[in-house]
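To start, the structure itself, in structure tokens.
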Amino acid sequence: MNPNLRPSGSAYFLTTDTTKIERHTLSVLVDNEPGILARIAGLFSARGFNIDSLTVSETEHEKGLSRVTVVTVASPKTLTQIKLQLERLVPVHRVHDLTDEGKPLERELALVKVAGTGDNRVETLRLAEAFRAQVVDASIESFVFEITGRPNKIEQFIALMIPLGLVEVVRTGLAAISRGPEGM
Amino acid sequence: MAEQITGAEMVIRALLDQGVKHVFGYPGGAVLPIYDTLFQQEELEHILVRHEQGATHMAEGYARSTGKVGVVLVTSGPGATNAITGLTDALLDSIPMVCLTGQVPTPLIGSDAFQECDTVGITRNCTKHNYLVKRIEDLPRVLHEAFYIASSGRPGPVVVDIPKDVQFALGDYFKPQTHTDHKSYRPQTEGDLEAISEAVDLMLKAKKPVFYTGGGVINAGPDASEGLRELAELTGFPVTSTLMGLGAFPASSPQWLGMLGMHGTYEANLAMHDCDLMINIGARFDDRITGRVDAFSPNSTKIHVDIDPSSINKNVVIDLPIIGDCTHVLDEMIRLWRTRTNEPRTEAIQPWLDEIESWRKVGCLGYKNSDSVIKPQYAIERLADAVKDRDVYITTEVGQHQMWAAQYFPFEKPNRFMTSGGLGTMGYGLPAAVGVQVAHRDAVVIDIAGEASVQMTMQEFSTAVQFRLPIKVFILNNEYMGMVRQWQELLHGNRYSQSYSESLPDFVKLAEALGGKGIRCEDPAKLDDAIAEMLAFEGPVLFDCRVEKLENCLPMIPSGKAHNEMILPDTADIGNIIDEKGKSLV
């Protein structure tokens, strides 16, 4: 052994990924079997990938297929890994990076509860109309609105409701689909 | 309509229809119906282990030495959790395995019943795929599918969790379908011809080419090893391999560079660093191979053949990916090469081969032998010499002895070296040797072990005694967790925190207590006779080979360093080759 050469450091060589991170929407076609959501969520946590939003629901009942929409934030290299690792899962049929394939249509639904009286109620209703939010429940001192749209539209509406008496919000997470005649 | 059979009977029928002859397992409450069926037949042999982890490593050894799927049968709860290490090991090393676990009856699932655990939940991330079979109608399909998924594409472990009421339930069984067209799982086995043709173009132009091969060549079957040998001969290119790929290319070939990576040879690592064309066949750029990624083989064009698309660009940027089974891709490369030339390019790349030869002359595997104490390297060389004409299979535990086995034992054939590469599981080797011996009754099966590792699964020696499996456990006993001690010497100022093997058992008496034979040797002069005695004994042997205590495993690429910054042993002749700057690095 060369005695004056004592390497220092850990057992691993660590690099930091300095490439720019991007937000991408992935659409994943899967068999609707028990545990599929845990498989996908487990894959993301085990490999240190980010999940910004995750939506899953059965889309083709006869074939037993579900569509999962995942919004993730990652470097281009990691995005490729996410796609390939998802495709390794046995019940996964296909993975499409909708963001890569052109501007996808992205929609979200939120239920927004606002409580207040007097002028605030009038202002709340006026803004709801401007945002095309539907009143789905009303009491003398509150409204529940249903609003759909792109996430930033929903965020804008929620921000406006805060001073008017926002009580709580529930959001579905993103549903996304590609433009044009082609399907997945 | 055929007569209905129970779920337990279906399990045995499915195993037999899948060609299974041996099952490694341990009974318990939730698998009793299957054990009852097992009792009433004679085609399937059950190897009773002492701990479920042992069963999984036996199945791994069995699978790696035969190319068949290894099968494990354990009970619910602790049976399943004890199998986790072996499942994870098989996942990281891509070993085909089917692990059948019992589960509490379906109405009790989720009630924290006796010996209940969430087996599919726990094993989801350490298997290629897993199933909980809640309906008897699904059982035959799932059993056959499990074998298909475990053995096809990139192989891996599959868990089938079967609740006890499903084992009792009656249903219709069907045999495996000949064509397995899975609705979502379709591994790509045939490489893209255009990419292969481009690869051959690059190989025809390269000035400094090197084949970097891995466990994928072994997993693809003996034909892939044949293909590799043929392609190497046709091209004249040098070949190195990862730990998992040893044996795919014969160590006796002049084109062989030895293993690469952290404890790889000087010539292999420098060839990787300086090459202009790297042809990776079935290896995955593991961190023990690459060292510093940003300094890894800086000037080469990289071709990567892998059956798993996610391996491409995972750690290292690839210029030409080829997704496919090694056998197919190698065959196509050979075919296309032959259409272009009949001559190996030995002459064209002669300067490169000369350079490699000068690195080889350094003698990086040299060591100072001794008359008074057995050097571990010497012990392996003598062992290799003693079995050179025998049909031999080697397993190892994890640590210094594992690296010494990889460096000093020459492997000539594939499927002959079973070791835990990815997960690095201490305690792998002894049970793996049992599994290998089950598959190859007449072969010499040797576990090259360390005294610390072997104690982790020591009890499986008793399994070897019970089933008359004459495994040889060759312990390189240096009374330290050698690799831990070496790292503490390198990185932590010689503070040997907890790495001394205190209170070691008397391995000779231990072997006798377990019903085998024990041999101890501490004198280099008596080593050959002692090894001969071990090989001559017809039952299992524990060989306590007392070796130099503080020997380091070299050469070594320290962590965070590049391939050309190796630590060499003192015996290396670096005088003529390495300049002053280089000397300060090695």
Side-chain angles (χ1 to χ4, degrees), chain A residues 1-19 28-49 60 62-66 68 75-95 184, chain B residues 120-121 124-132 134 145 149 153-154 156 158 182-187 262 287-288 290-296 308-315 317 486-487 489-493 550 552 554 556-562 565 567-570 572 583-586:
Chain A
M1 169 94 33
N2 326 86
N4 46 7
L5 263 157
R6 297 277 177 235
S8 61
S10 83
Y12 300 93
F13 174 66
L14 307 171
T15 43
T16 41
D17 196 345
T18 52
T19 46
V28 190
L29 192 65
V30 300
D31 272 337
N32 184 22
E33 58 168 52
I36 182 63
L37 189 57
R39 258 180 231 289
I40 291 175
L43 169 72
F44 273 74
S45 71
R47 294 194 182 263
F49 304 147
E60 292 173 65
E62 315 79 66
K63 291 187 193 161
L65 291 176
S66 286
V68 182
S75 68
K77 187 186 157 198
T78 309
L79 275 164
T80 313
Q81 266 297 304
I82 293 174
K83 184 171 179 288
L84 293 172
Q85 292 293 351
L86 282 170
E87 281 173 344
R88 277 179 83 188
L89 296 177
V90 168
V92 167
H93 288 255
R94 278 191 291 288
V95 182
M184 236 180 117
Chain B
V120 282
R124 196 170 284 132
N125 282 358
C126 65
T127 52
K128 183 172 172 183
H129 195 49
N130 64 12
Y131 302 87
L132 168 62
K134 284 186 166 174
E145 205 173 281
I149 287 174
R154 179 176 179 175
V158 177
H182 194 274
K183 50 187 172 175
S184 56
Y185 170 78
R186 283 181 218 94
M262 185 170 269
D287 62 73
R288 302 293 99 165
T290 58
R292 278 184 86 102
V293 182
D294 59 356
F296 175 72
D308 179 359
S310 77
S311 289
I312 308 291
N313 290 328
K314 185 166 70 179
N315 302 330
V317 179
Q486 178 171 339
W487 280 70
E489 182 186 329
L490 280 169
L491 302 172
H492 299 282
L550 299 178
N552 281 320
L554 297 172
M556 175 179 184
I557 303 175
S559 51
K561 299 286 182 186
E565 299 176 284
I567 303 176
L568 289 171
D570 294 335
K583 276 183 199 168
S584 72
L585 292 172
V586 294

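Any value given below was found using the heavy atoms of this structure, including those in side chains, with hydrogens, waters and symmetry copies removed. The chains referred to below are lettered A, B, ... by the order of the sequence lines, with proteins before strands, and numbering in each begins at 1.
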Less than 3.5 Å apart, any donor N or O on the side chain of Glu145(B) or Tyr185(B) sitting next to an acceptor on the other? no

Chain B contact via Glu87(A) - side chain, backbone, both or neither, heavy atoms under 4.5 Å: neither

Relative to chain B, which of Gly35(A), Ala38(A), Pro34(A) shows the most heavy atom pairs under 4.5 Å? Ala38(A)

For Arg39(A), which atoms come within 4.5 Å of any heavy atom of chain B: side chain, backbone, both, or neither? both

Can you tell me how far the CZ atom of Arg88(A) sits from the NE2 atom of His129(B), to the nearest 0.5 Å? 13.5 Å

Residue, of Val317(B), Asp308(B), Val120(B), Asn313(B), that accumulates the most heavy atom pairs under 4.5 Å with chain A: Asp308(B)

The interface call for Leu132(B) against chain A, heavy-atom contacts under 4.5 Å, is neither

What's the shortest heavy-atom distance between Val90(A) and Ser184(B), and which atoms? O-OG, 2.5 Å

Would you find a donor on one side and an acceptor on the other, under 3.5 Å apart, between the side chain of Gln81(A) and the backbone of Ser310(B)? yes

Chain A: which of Arg186(B), Met556(B), Arg154(B), Lys134(B) shares the most heavy-atom pairs with it under 4.5 Å? Arg154(B)

Which distance, rounded to the nearest 0.5 Å, do you find between the CZ of Arg124(B) and the CD1 of Ile36(A)? 9.0 Å

